[in-house]
> 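Before we start, here is the structure in question, set down as structure tokens.
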Protein chains: 2
Amino acid sequence: MVEREGGPRPGGRSARVQASVHRATRDLLARMDRTAVTIPLIAAEAGVTPSTIYRRWGELNELLADVAVERLRPDMVPVETGHGRGDLLAWAEQYAEEMSSDLGREMIRDVLAAEGAAGPRRCCSYARQQIALIAERAAARGEAFPSLDAVLDGVIAPILFRILFDEALGNARVGELVERVFEGDRRGDDP
Amino acid sequence: MVEREGGPRPGGRSARVQASVHRATRDLLARMDRTAVTIPLIAAEAGVTPSTIYRRWGELNELLADVAVERLRPDMVPVETGHGRGDLLAWAEQYAEEMSSDLGREMIRDVLAAEGAAGPRRCCSYARQQIALIAERAAARGEAFPSLDAVLDGVIAPILFRILFDEALGNARVGELVERVFEGDRRGDDP
DNA sequence: CCTCCAAACGCAAATAATTTGCTTTTAGCG
DNA sequence: CGCTAAAAGCAAATTATTTGCGTTTGGAGG
């Protein structure tokens, strides 16, 4: 019962279509204004008929979200600085920077604009995995490290909240948040 | 040089059209699936021609965002409990509850899905105003109260982040966040 | 290797949404 | 009371979306 999450079986026709549609979408988004990107356009660029896209993704939002989630998947292991706090700081700074770029902001919005909570949750779990990895390394060194929820609420949440609703945080503020989450370092979550 | 932000002059034809389109949109969203709500439908419901809506709002996302921002405007003053911490807790709990409802979630997504940062910022400023009000009352009583940014990052951000990307927080967790933001109560923001 | 099957695609016609040029209405102003 | 600019209506043209049906394809079982 091994569910594959990356879509259909690799190598099949279905996978080829998905790949070329994704590529076409990325290309067009890079080349032109996002409001000008339409499904017929993507279809032409990808060499498929529009109805194929409509049947597979339903609407543009879903396709854009699909592409964005894939691009948001972390492609590297968080850098090691020697201690958990440094690891988290380095990671958070990079995360904030990537996400607050024009491209990052657009991808987040694309993910959120699609129906259903699957996309956003996957993005959240990407961050979770990265932080869990840093936490495990810290634990292996015998260091104290804040709980996953504390980091999510204390560091990731403000970073994304500000990007989405206000103005992106600078490195200074991100550093403060990381400090703060290490201050009241309680491991458990029960009252 | 008094710019009106609620749209055109009140009483004019333009204002009537805007009002009836907003009302029609709310009605339709309440009655049917959001994916079934289209501009021609709203136009029919509002008694205007579709082109009027297209010219004023451009696309459905913009109209939905416009309607959502208006519905998200706070319509009451935060309850007074006698002290700032209680005020903030009560307000945060209600905010979390409203925003995590199906309707709340949809409205937030609508606001974020529109182009431009105006809608999201207005939502952020709504929260800011409410918190500033609570903070002023606390200050008037001579109480200590965390900075606006501390509350935004420590309370509002996690609430919205979890709604958007994960699972809504319960009252217990909201209470913890409020506690925490009062713990390291520093007024200034400089290092 | 061959045959069969279901899933996915292409094609094209039908439907629906969006854009646009032009006309008409209307609220505000001299 | 007309004038005017902004906004709405109308309808034709364009573009996007849906859908029915035939075809292709990759893989499973013989």
Side-chain angles (χ1 to χ4, degrees), chain A residues 1-25 27-29 31-67 110 113-116, chain B residues 1-25 27-29 31-67 110 113-116:
Chain A
M1 190 61 92
V2 181
E3 286 281 338
R4 209 179 302 271
E5 78 163 25
R9 295 176 165 64
R13 174 176 51 160
S14 189
R16 283 198 304 277
V17 168
Q18 158 151 350
S20 69
V21 168
H22 273 220
R23 183 191 45 65
T25 304
D27 284 1
L28 289 175
L29 283 178
R31 255 193 277 127
M32 56 206 311
D33 192 65
R34 75 177 301 90
T35 62
V37 175
T38 64
I39 288 187
L41 243 181
I42 295 171
E45 173 84 12
V48 302
T49 57
S51 64
T52 294
I53 295 180
Y54 283 117
R55 280 200 241 257
R56 266 179 83 143
W57 282 278
E59 50 165 346
L60 185 58
N61 277 351
E62 300 296 321
L63 171 55
L64 292 179
D66 200 30
V67 171
D110 285 346
E115 292 295 318
Chain B
M1 190 60 91
V2 180
E3 285 284 337
R4 211 178 300 272
E5 79 164 22
R9 296 179 165 63
R13 174 174 56 160
S14 189
R16 283 199 304 278
V17 167
Q18 159 154 346
S20 71
V21 168
H22 274 220
R23 183 190 44 66
T25 305
D27 284 1
L28 288 175
L29 284 177
R31 258 195 273 127
M32 55 205 310
D33 191 65
R34 76 177 300 89
T35 61
V37 175
T38 64
I39 286 186
L41 244 181
I42 296 171
E45 174 83 12
V48 301
T49 58
S51 65
T52 294
I53 295 181
Y54 284 116
R55 282 202 239 254
R56 270 182 79 147
W57 283 278
E59 53 166 344
L60 186 57
N61 277 352
E62 300 297 320
L63 171 54
L64 292 179
D66 200 30
V67 171
D110 286 345
E115 292 297 317

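Residue numbers begin at 1 in each chain, while the letters A, B, ... track the order of the sequences.
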> Test side chain to side chain contact (heavy atoms under 4.5 Å, CB included) on B:I39 and B:W57 and set out the steps.
CA-CA 10 Å; B:I39 286 186; B:W57 283 278; over 6 Å; no
> Looking at every heavy atom in both B:T49 and B:A43, which two are closest together, and how far apart are they?
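Scanning both residues, the minimum pair turns out to be C-CB, 3.9 Å.
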> So B:R56 and B:V21, do their side chains get closer than 4.5 Å, heavy atoms only?
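Answer no - side chains too far apart.
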> Rounded to whole angstroms, how far apart are CG on B:N61 and C1' on C:dT18?
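From B:N61 CG to C:dT18 C1': 14 Å.
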> If you measure from CD on B:E59 to CG on B:L64, what distance do you get to the nearest 0.5 Å?
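Atom-to-atom, B:E59:CD and B:L64:CG are 9.5 Å apart.
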> Specify the closest pair of heavy atoms between B:L63 and B:I42, including all atoms of both residues, with the distance to one decimal.
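Distance-wise, the nearest heavy atoms are CD2-CD1, 3.8 Å.
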> Please report the C-alpha distance between A:M32 and A:L28 in whole Å, then the side-chain angles of each, then the deciding distance to 0.1 Å, and finally whether the side chain to side chain contact (heavy atoms under 4.5 Å, CB included) criterion is met.
CA-CA 6 Å; A:M32 56 206 311; A:L28 289 175; 3.8 Å; yes
> When the distance from CD1 of B:I42 to P of C:dT18 is rounded to whole Å, what number comes out?
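Taking CD1 of B:I42 and P of C:dT18, I get 10 Å after rounding.
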> Heavy-atom nearest nucleotide on DNA chain C for B:L60 versus B:R16: which residue maps closer to 5'?
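The answer here is B:L60.
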> Can you tell if the side chain of B:V48 reaches within under 4.5 Å of the side chain of B:I53, non-hydrogen atoms only?
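Side-chain contact under 4.5 Å: yes.
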> Could you please spell out the steps behind the side chain to side chain contact (heavy atoms under 4.5 Å, CB included) verdict for A:L29 and A:V37?
CA-CA 7 Å; A:L29 283 178; A:V37 175; 4.0 Å; yes
> Could you tell me whether a side-chain N or O of B:E62 sits under 3.5 Å from a main-chain N or O of B:E115, the two making a donor and an acceptor?
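Answer holds: yes.
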> Any idea which of D:dG9, C:dC9, D:dA7 is nearest the A:R56 side chain?
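Closest nucleotide among those given: C:dC9.
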> Can you tabulate the close N/O pairs, meaning under 3.5 Å, that link protein atoms to atoms of nucleotides 20-23 of chain D?
from, atom 1, to, atom 2, distance (Å)
D:dG20, O6, A:R55, NH2, 2.4

> Using rotation axes that map the C1' atoms of four end pairs onto the next four (five pairs an end), what angle separates the end axes of the helix from C:dC1-D:dG30 to C:dG30-D:dC1, to 10°?
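Inter-axis angle at the termini of the helix from C:dC1-D:dG30 to C:dG30-D:dC1: 30°.
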> Report all interatomic pairs (protein N or O, nucleotide N or O of nucleotides 12-16 of chain D) with separations under 3.5 Å.
from, atom 1, to, atom 2, distance (Å)
D:dA16, OP1, A:T38, OG1, 3.3

> What integer distance in Å separates B:E62:CD from C:dT18:C1'?
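Rounded to whole Å, this separation is 15 Å.
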> To the nearest 0.5 Å, what is the distance between CG (B:L60) and OG1 (B:T35)?
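That separation rounds to 10.5 Å.
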> Could you tell me which non-hydrogen atom of B:N61 sits nearest to which non-hydrogen atom of B:A114, and how far apart they are?
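Heavy atoms only, the tightest pair is O-CB, 4.0 Å.
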> Starting at the 5' end of DNA chain D and moving along, which residue's nearest nucleotide shows up first, A:G58 or B:G47?
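By nearest-heavy-atom nucleotide position, the 5'-most residue is B:G47.
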> Check the phosphate of C:dC9 against A:T52, side-chain N and O only, distance under 4.0 Å to OP1 or OP2. Yes or no?
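No, outside the criterion.
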